[in-house]
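What follows is a set of notes on a single structure, which appears directly below.
Chain A is the first sequence line, chain B the second, and so forth, proteins listed ahead of strands; every chain is numbered from 1. In what follows, every heavy atom counts, from backbone to side chain, and hydrogens, waters and symmetry copies are set aside.
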2 protein chains.
Amino acid sequence: MKFVVINKKCTADWLQCLQDNGYRLTAPRQAVVEIVASSQRVLNPLEVFGLARESYPRLGLVTVYRTIEKLEELGLLQRVHQPSGCQGFVAAFSGHQHLLICRECGQVEYFTGDQVTIEDLVTNVEKKSGYFVQEHWLQLFGVCADCQTESLT
Amino acid sequence: MKFVVINKKCTADWLQCLQDNGYRLTAPRQAVVEIVASSQRVLNPLEVFGLARESYPRLGLVTVYRTIEKLEELGLLQRVHQPSGCQGFVAAFSGHQHLLICRECGQVEYFTGDQVTIEDLVTNVEKKSGYFVQEHWLQLFGVCADCQTESLT
DNA sequence: TTTTATGCAAAGTATTTGCACGGGA
DNA sequence: TCCCGTGCAAATACTTTGCATAAAA
């Protein structure tokens, strides 16, 4: 069991990444990146809008959507699907789809699997993180045998 | 590793369950339940609407939403969150949040965990199901240590 | 100077609500 | 008969698109 520590200082890196990919460095983008890159909580577009407008009041909600979209494409942000909704985003870690999410405050931790059953894994995560785990989702996405055959023709 | 066989004949059971919970047995509800109870695919409200209208053309989309809502409350249906969207539903199995979903056709299988790592589990599922697994999500939902403390006060 | 990015307004989607009518129990 | 359920229409919420202006490179 391993927990990943969220890097709190990645704002500059993210802005650099945007620039390296041909996107311009603008004040509205900086305001949005500042919020989402340093958050340890799941945030939805409206929350990002509210927070980022504190530092850049002229910000439009549309720009928040467009910036989030770009950050997701670049693999910096990932969407979080929760029982309560699917509009949330957190900083992405390469290949990490293992999230531990607090339903009260939205805080997110990342973890990697271990040599145990799902039940044991949940117990381990609880012990090491201090969380009380109420629910878990394990979902695999792929192509079924029939559809694999079909795509050959 | 164990796969759960979807019961194809649960329409009557579901209608019974609705009635047992004080809901009336109506033609529109029967049409909707017939579709969702017997489907092995993930269906969204609009798809259910289209299919159920074949047997009951006067059906309204609103009724589909309202029926799905009730079935979800009763634990008969569960929402499926996919990279492509979160409007899908499939028959729920008590406690089963382990889904194997085909991205091509939407077919769903249920499985239970085993004494292996996530990587091994994915490999096992592939072998036994014939799926090619492209992506997996493992998400735990609960309450973090801080929020547990707060809720005591 | 050239091209991208922005914010507003409008258009799309998806879902929910209000309400009078119709049908189950 | 009584009350819940229905479908229509309208309202709401969320997200995307068109476009003229503003700003980055």
Side-chain angles (χ1 to χ4, degrees), chain A residues 12 14-36 42-74 77-89, chain B residues 12 14-36 42-74 77-89:
Chain A
W14 287 29
L15 292 173
Q16 187 62 53
C17 183
L18 279 168
Q19 214 162 18
D20 293 346
N21 283 273
Y23 296 115
R24 291 181 181 175
L25 213 52
T26 66
R29 273 183 192 158
Q30 286 187 43
V32 171
V33 169
E34 237 160 58
I35 295 302
V36 292
V42 176
L43 297 175
N44 65 39
L46 213 58
E47 289 172 322
V48 173
F49 180 58
L51 292 167
R53 228 168 19 163
E54 289 175 13
S55 67
Y56 187 78
R58 293 175 49 197
L59 182 67
L61 179 57
V62 182
T63 299
V64 173
Y65 276 102
R66 288 195 273 226
T67 305
I68 285 177
E69 185 184 44
K70 281 170 185 59
L71 295 173
E72 206 184 357
E73 279 168 16
L74 296 174
L77 269 188
Q78 72 175 128
R79 190 178 286 268
V80 177
H81 300 261
Q82 296 180 271
S84 56
C86 309
Q87 303 80 37
F89 291 87
Chain B
W14 287 28
L15 292 172
Q16 188 61 54
C17 183
L18 280 168
Q19 213 162 20
D20 292 346
N21 283 273
Y23 296 115
R24 291 183 180 171
L25 213 52
T26 67
R29 272 181 192 158
Q30 288 187 42
V32 171
V33 169
E34 237 160 58
I35 296 303
V36 292
V42 176
L43 296 175
N44 65 39
L46 213 57
E47 289 172 323
V48 174
F49 179 58
L51 292 167
R53 225 165 24 158
E54 289 176 13
S55 66
Y56 187 78
R58 293 175 49 196
L59 182 67
L61 180 55
V62 183
T63 298
V64 174
Y65 277 103
R66 290 195 273 228
T67 305
I68 285 176
E69 185 183 45
K70 281 169 185 58
L71 295 173
E72 206 183 359
E73 279 169 16
L74 296 174
L77 268 188
Q78 72 175 128
R79 190 179 285 268
V80 177
H81 300 261
Q82 297 179 270
S84 55
C86 308
Q87 303 82 36
F89 291 88

Checklist outcome for this item: Contact string for nucleotides 10-22 of chain D, one letter per nucleotide 5' to 3', B = base within protein heavy-atom range under 4.0 Å, S = sugar-phosphate only, - = neither, reads ----SSBB-----
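An OP1 or OP2 oxygen of D:dA24 is reached within less than 4.0 angstrom by no side-chain nitrogen or oxygen of A:Arg29. Side-chain N/O atoms of A:Gln19 include one lying less than 4.0 angstrom from OP1 or OP2 on D:dA25. Applying the 4.0 Å criterion to OP1 and OP2 of C:dA5, one finds that A:Thr63 has every side-chain N and O outside that range. OP1 or OP2 of D:dC3 has not a single side-chain nitrogen or oxygen of B:Arg24 nearer than 4.0 Å.
Side chain of A:Arg79 to main chain of A:Cys86: a donor-acceptor pair is present (N/O by atom type, distance under 3.5 Å, no hydrogens or angles). A donor-acceptor distance shorter than 3.5 angstrom exists from the side chain of B:Glu47 to the backbone of B:Asn44, with no hydrogens or angles considered.
If you take OH of A:Tyr56 and C1' of D:dA23, they are 9 Å apart, rounded to a whole angstrom. Summarising the geometry, the separation between CD on B:Glu47 and P on C:dA14 is reported as 11 Å, rounded to the nearest angstrom. In this structure, B:Gln30 atom CD and C:dA25 atom C1' are separated by 14 Å, rounded to whole Å. Between B:Lys70 atom NZ and D:dT6 atom P the separation is 8 Å, expressed in whole Å. Counting to the nearest Å, the C1' atom of D:dT6 and the OH atom of B:Tyr23 are 16 Å from each other. Residue B:Arg53 contributes atom CZ, which lies 16 Å from atom P of D:dT6 at whole-angstrom precision. Look at CG on A:Asp20: it is 16 Å from C1' on D:dA24, rounded to the nearest Å. Rounded to whole angstrom, the span from the CZ atom of B:Phe89 across to the P atom of C:dA14 amounts to 14 Å.
Considering only heavy atoms from C-beta on, A:Cys17 comes within 4.5 Å of A:Asn21 through its side chain.
The distance from atom CD of B:Glu69 to atom CZ of B:Arg66, rounded to the nearest 0.5 Å, is 9.0 Å. Distance check, rounded to the nearest 0.5 Å: CD1 of A:Ile35 to CZ of A:Arg53 gives 12.5 Å. Atoms CZ and CG, from B:Arg29 and B:Leu15 in turn, are 10.0 Å apart once rounded to the nearest 0.5 Å. Residue A:Glu54 holds its CD atom at 11.5 Å from CD of A:Glu34, rounded to the nearest 0.5 Å.
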